[in-house]
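A quick write-up on the structure given underneath.
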Amino acid sequence: REQDEAQNLFDALSKDPKLKMVVHSGAAHAWESPLPDASSKGAWMAARFKLLSGIDPLTISQIECVSTNGKEVLAAHRLKEDGTIDPDNHTDLIIGHPPTLFTDGRPAWRRNAGDLAVPAPSTLLPVTEPTILEARREADGLGVMPVDRLLLYPGDRLPLLLPPGRYRVDAFNAAGRVNNESVIVSVGR
């Protein structure tokens with residue numbers, strides 16, 4: 001998979017050398033650390049892309065540190081527990097985000113951004129097994145990214161967090177879509 005990812009990026013650049021890209025990847029895919037054998041199975045996508053293309057990509061990790069001052073922090077190095085610089089940086093830069101705060105079991109930043117708490121439709125709440133609730137704009141199909149998604153276990157009562165508008169809420173469990181129907185909710189002003 002890592003080789004295919006790197007090859008796809010390289011192919012796109014080969015077709016259009018003026019192309020500019022931002023690649024958002026998860027976890028270690030952005031690691032470009034020197035590896036003993038960069039073509040080995042242990043090399044991540046960014047390391048493989050660097051080897052394949054000769055381009056040194058600007059890589060940024062947003063998962064390796066947490067800010068302790070309540071604001072985002074940009075760092076060029078990770079610190080070890082003793083406060084010294086960790087020489088084993090995997091990316092060029094590191095962004096530290098403040099710890100996520102929660103209100104009623106949901107991230108507080110969503111409410112701060114203007115989302116409103118909406119009770120999950122009672123007909124879709126799980127009774128016997130974990131269930132995923134997904135809220136999409138009313139006109140969007142099931143293939144569209146949901147505006148909010150919740151994993152609920154029987155007895156959980158967490159709210160959906162949604163901007164004002166009309167939404168279609170669907171539920172899914174291990175067997176697939178629950179009841180094969182949606183519930184429409186209005187989030188108002």
Is it possible for you to say whether [X] and [Y] belong to one hydrophobic cluster, with membership spreading through side-chain heavy-atom contacts below 4.5 Å?
X      : Y      : result
Leu9   : Leu51  : no
Leu125 : Val118 : yes
Leu52  : Trp44  : no

Rounded to the nearest 0.5 Å, how far apart are [atom1] of [X] and [atom2] of [Y]?
X      : Y      : atom1 : atom2 : answer
Leu161 : Leu150 : CG    : CG    : 7.5 Å
Thr59  : His29  : OG1   : NE2   : 14.0 Å
Met45  : Asp4   : CE    : CG    : 12.0 Å
Arg168 : Asp140 : CZ    : CG    : 7.5 Å

Mind checking who shares a hydrophobic cluster with Tyr153, ILVMFWY linked at side-chain heavy-atom distances under 4.5 Å? Ile132, Leu151
How does the hydrophobic cluster around Ile95 look, that is, which other residues are in it when side-chain heavy atoms under 4.5 Å mark a link? Leu58, Ile60, Leu74, Leu93
Salt bridge (charged side-chain N to carboxylate O under 4.0 Å, His left out) contacts in which one or both residues fall within residues 174-184, not counting sequence neighbours: Asp170-Arg177
Per the salt bridge (charged side-chain N to carboxylate O under 4.0 Å, His left out) rule, what does the pair list look like for residues 6-16, sequence neighbours excluded? none
What is the minimum heavy-atom distance between [X] and [Y], and which atoms define it?
X      : Y      : result
Thr100 : Pro107 : CG2-CB, 4.0 Å
Ala135 : Leu162 : CB-CD2, 3.8 Å
Ala30  : Ala46  : O-CB, 3.4 Å
Gly114 : Pro164 : O-CD, 4.4 Å

Could you list all the side chain to side chain donor-acceptor pair (under 3.5 Å) pairs where at least one residue sits in residues 112-135, not counting sequence neighbours? Arg110-Asp115, Glu129-Asn173, Glu134-Arg136, Glu134-Arg149
Examine distances only and state if a side-chain atom of [X] and a backbone atom of [Y] form a donor-acceptor pair shorter than 3.5 Å.
X      : Y      : answer
Asn69  : Lys71  : yes
Arg106 : Pro159 : yes
Ser186 : Arg166 : no
Glu32  : Ala47  : no

Residues two or more places apart in sequence or in another chain: which of them pass salt bridge (Lys or Arg N to Asp or Glu O under 4.0 Å) with Asp56? Lys50
Test side chain to side chain contact (heavy atoms under 4.5 Å, CB included) applied to [X] - qualifying residues, sequence neighbours left out:
X      : value
Met145 : none
Val66  : Pro99
Ser53  : Phe10, Phe49, Ile55
Thr103 : Ala108, Arg111

Pair listing, ring pair (Phe, Tyr, Trp, His ring centres under 6.0 Å) test, anchored in residues 90-143, at least two apart: Trp31-His90
Can you pull out every ring pair (Phe, Tyr, Trp, His ring centres under 6.0 Å) where at least one residue sits in residues 64-83? Sequence neighbours excluded, please. none
By the definition side chain to side chain contact (heavy atoms under 4.5 Å, CB included), identify the one residue from Leu142, Val178, Leu124 that meets it with Phe172. Leu142
Sub-4.5 Å side-chain heavy-atom contact between Arg137 and Pro163: yes
If you define the side chain from C-beta out and look only at heavy atoms, does anything of Pro126 sit under 4.5 Å from Asp156? no
